[in-house]
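Down below is the structure, laid out as structure tokens.
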Amino acid sequence: MSTTFQAYQPNSSRPSLRACEACYARKCVVHGVQCKARSRKRKASTRRDDEDPQDQQDEVTHCQQEYAEGRREITAEIRTPLLFVRRDLNSSLSPGASITSPSTRNRTSSFLSRAAILGEDFPGIDHSHGTYKDDASSLSAQDVEVLKLQGAFDLPDLPLRQSLLEACITYCVPWMPVIDVASFDVTSTGDDSSLVLLQAVMLSGAIMRPTICSKPVIAQYYRRLKALILSGYESDPLKTLSALCLIQWYTTAAPKDVSTDSPRFWNTYAIGLAHQLGLHKRQSRISDDAALRRRVWFTLYARDCLTSAAHGRPRLLTSADSDLSPLSMEDFADQGQAELFKAYSQVTALLGDLCQLVTRNGRLAKHEIISATHRLLVLLESLPHSLIPTSATGRAQPYDRNSAQLHIAMLTTLIILYRPRSVFSVSTCAAPSITAAFLSFRLFQAIQLRADTAFLGSAFAWYLLVAAIPLLSATRVTGLLGEASTALDGLEASLASLGEVRPAARNNLKSVRAIRRAVDTSTRTSIPVLGSIPILGTPAPFADQAGTIAEILAHYGEDAAKLLVDVTSLLQPTSDRQVRSCDLQQPYGSSNLVFATDTLPGSMAPADPDATSGFSGDDMQSAFTDLFQDETLVDANSWMFRDWMNFTPGIG
């Protein structure tokens, strides 16, 4: 008598069949086809002590062979073919399928280096483990049940998986090249696949698909990945590190909140594991994953620099503790990806060094400003033409999202180097900072007009705050008031859009609006702009670096250099003010700056020498004392706020 089996349907509401007649296993599944059910007896039988466990394995093998040889009659079920999915369904993992804990664990020796303390008489002592048993080689049954309750083994349908992978590759991988794009497959469940890494890709991809994946869905993906990471499910620590990088795209808390779900927490977690693996040291023998190890390390380093700069907290990594050579083209499969990430890792390192100095010392020495300015120029000059906003002929390049993000970080460096030390008065020293803030606004505007703001990382909430600070100072100057107000409006719009996905942006938007409100509503008097206030404690204005700054701004078009001249002239004391190009009513064009269709601030009206805006001493102290007691500014998570607001004319 022939037997007909129905195709396995994981989403079917029909009660599951009983144990398999051939292998006695409950829910036995062989390539998606359920085995014949065995009639259940009243009393469950147990395996006898003398029964050989190999007999059961032989029966399972026999069951699989029967199916493979086609000895069973199967009723086929129609399947709609999937499009845009890179692999065949034979290797697919059905949503909700049961996955057991890994049976083996990679034996990776932890990196130790104690020769400087213990001496070199026993060189093998650093890696002598003796008899070592890995008790965590597999998870307990209770651990697996907890993971099942968290839905850690559940995956979206294949078409959605492919969509989320593409989103991750497009928006996340350029800044976190921690997966091998060419070989990564959302349908593979072979020995080389990683559930932890797959769930990390699903999470980061879902964050970049806000119109498809709602916030509750994204939170569910995060819980799955978090459960897998904390359980130690993944046996390969390098894949765990890749997942720890990607999980940092998820942000539920603002930097002011103490949280074990923040990107900073996960990066700290990852750095500890990376040190155990010795990613910060050059390998004595080149391994197959050497390029991935280096990319993971420099990703963690860039993240550490950014979070330290934005939060004013100590850095966890320092280049002095690493002997790795800089990233090279050999570390990447794609040249464009290599050029972008190399530049990104360098500018974040510069930001980290700069902000660490300010955090520790409160100000920068003159030689430190000169050194950082030169490093920025060298970095810009090393960029390929594809990453420079203007072509060799001076024409604006077409809009490119990744290039725009890279140059926002570079302009942020210039803003910090020459930023005003006070909102109450500005000097010519702040001209490069104000000019860079205007350019940064135009880059954010280009991103906003193309609906790309939602794809930005959490660091851009800080970049927006940095750009707003010199513009808030510029509103004290009549000649800059109109353009600065327009730019601030644009930055607030970007903060509002980014705030829908990044809590830090919402808090920074509150802070910027609160300060702006206090500035606009306070009593204005005719206090002239002070032209001799030193920036960052330096004894001279930026004239010493005028040539270098002009070369930096030349990368953003001819109009950028003109803007610097105009802003500098507006900040000069009245008696020293020179004739400016904007005094002649020559508006800036749109063809020579940043990206096509975007323009610089337009023609700025000459400053009224008798009506330069400012605060009276009592008004300014009262307004800002009240302001910084406001709960909205509790998340003034940047050293810049403290430094900027504590310096007032006539005080100290």
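Computed from a prediction, not measured in an experiment: that's the story for all the values here.
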* Checking side chain to side chain donor-acceptor pair (under 3.5 Å) for the pair Ser204/Tyr250: CA distance, chi angles, key distance, verdict? -> CA-CA 7 Å; Ser204 57; Tyr250 183 75; over 6 Å; no

* **Evaluation steps, salt bridge (Lys or Arg N to Asp or Glu O under 4.0 Å), between Asp353 and Arg315** => CA-CA 9 Å; Asp353 293 342; Arg315 286 168 64 176; 2.6 Å; yes

* To do: Dump the intermediate steps for side-chain contact (heavy atoms from CB on, under 4.5 Å) on Ile447 and Ile408, then the final yes or no.
  => CA-CA 11 Å; Ile447 294 172; Ile408 285 173; 3.8 Å; yes

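Between Cys172 and Trp249, some side-chain heavy-atom pair lies under the 4.5 Å cut-off. No side-chain heavy atom of Ile434 sits under 4.5 Å from any side-chain heavy atom of Leu564. With a 4.5 Å cut-off on side-chain heavy atoms, Tyr221 and Leu164 count as touching. Counting heavy atoms from C-beta outward, Thr390 and His555 have side chains that stay 4.5 Å or more apart. With contacts defined as side-chain heavy-atom distances shorter than 4.5 Å, the pair Glu339/Ser386 qualifies. No side-chain heavy atom of Tyr171 sits under 4.5 Å from any side-chain heavy atom of Asn402. Using a 4.5 Å heavy-atom cutoff, the side chains of Ile469 and Val466 are not in contact. Between Leu351 and Ile416, the closest side-chain pair of non-hydrogen atoms falls below 4.5 Å.
A donor-acceptor pair under 3.5 Å links the side-chain atoms of Arg161 to the main chain of Pro156, judged by distance alone. Using a distance-only test at 3.5 Å, with no hydrogens or angles considered, a donor-acceptor pair links the side chain of Gln397 to the main chain of His385. At distances below 3.5 Å, not a single donor-acceptor pair connects side-chain atoms of Asn508 with backbone N or O atoms of Leu465. With hydrogens and angles ignored, the 3.5 Å screen pairs no side-chain donor or acceptor of Thr318 with any backbone N or O of Asp321. For Arg450 (side chain) and Ala446 (main-chain N/O), a donor-acceptor pair under 3.5 Å exists by modelled atom type. Looking only at distances, a side-chain donor or acceptor of Arg282 sits under 3.5 Å from a matching main-chain atom of Asp323. In terms of modelled atom types and a separation under 3.5 Å, the side chain of Ser403 and the main chain of Tyr399 share no donor-acceptor contact. Between the side chain of Gln337 and the backbone N or O of Pro174, at least one donor-acceptor pair lies under 3.5 Å. In this structure, the side chain of Ser322 does not engage the main chain of Ser319 through any donor-acceptor pair within 3.5 Å. Of the possible polar contacts, one joining the Asp304 side chain to the Leu317 backbone as a donor-acceptor pair under 3.5 Å is found.
Counted by atom type alone, Thr307 and Arg264 present one or more donor-acceptor pairs between their side chains at under 3.5 Å. A side-chain donor-acceptor contact under 3.5 Å links Ser163 and Arg209. Donor-acceptor pairing under 3.5 Å is lacking for the side chains of Glu166 and Thr170. There is no side-chain donor-acceptor pair under 3.5 Å between Asp257 and Ser259.
Ring centers of Phe441 and Phe444: at least 6.0 Å apart, outside the cut-off. Checked against a 6.0 Å centroid threshold, the rings of His280 and Tyr301 do not count as neighbours. Ring to ring, Tyr344 and Trp175 are close: their centroids are under 6.0 angstrom apart.
Between His275 and Trp297, the ring planes are tilted. Angles from 30° to 60° get that label. By the 30° and 60° cut-offs, the orientation of the rings of Trp266 relative to Tyr269 is tilted.
Using a cutoff of 4.0 Å between basic side-chain nitrogens and carboxylate oxygens, Asp331 and Arg295 are not scored as salt-bridged.
For the side-chain contact (heavy atoms from CB on, under 4.5 Å) with Ser497, the qualifying choice from Gln448, Glu492, Arg502 is Gln448, the only one to do so.
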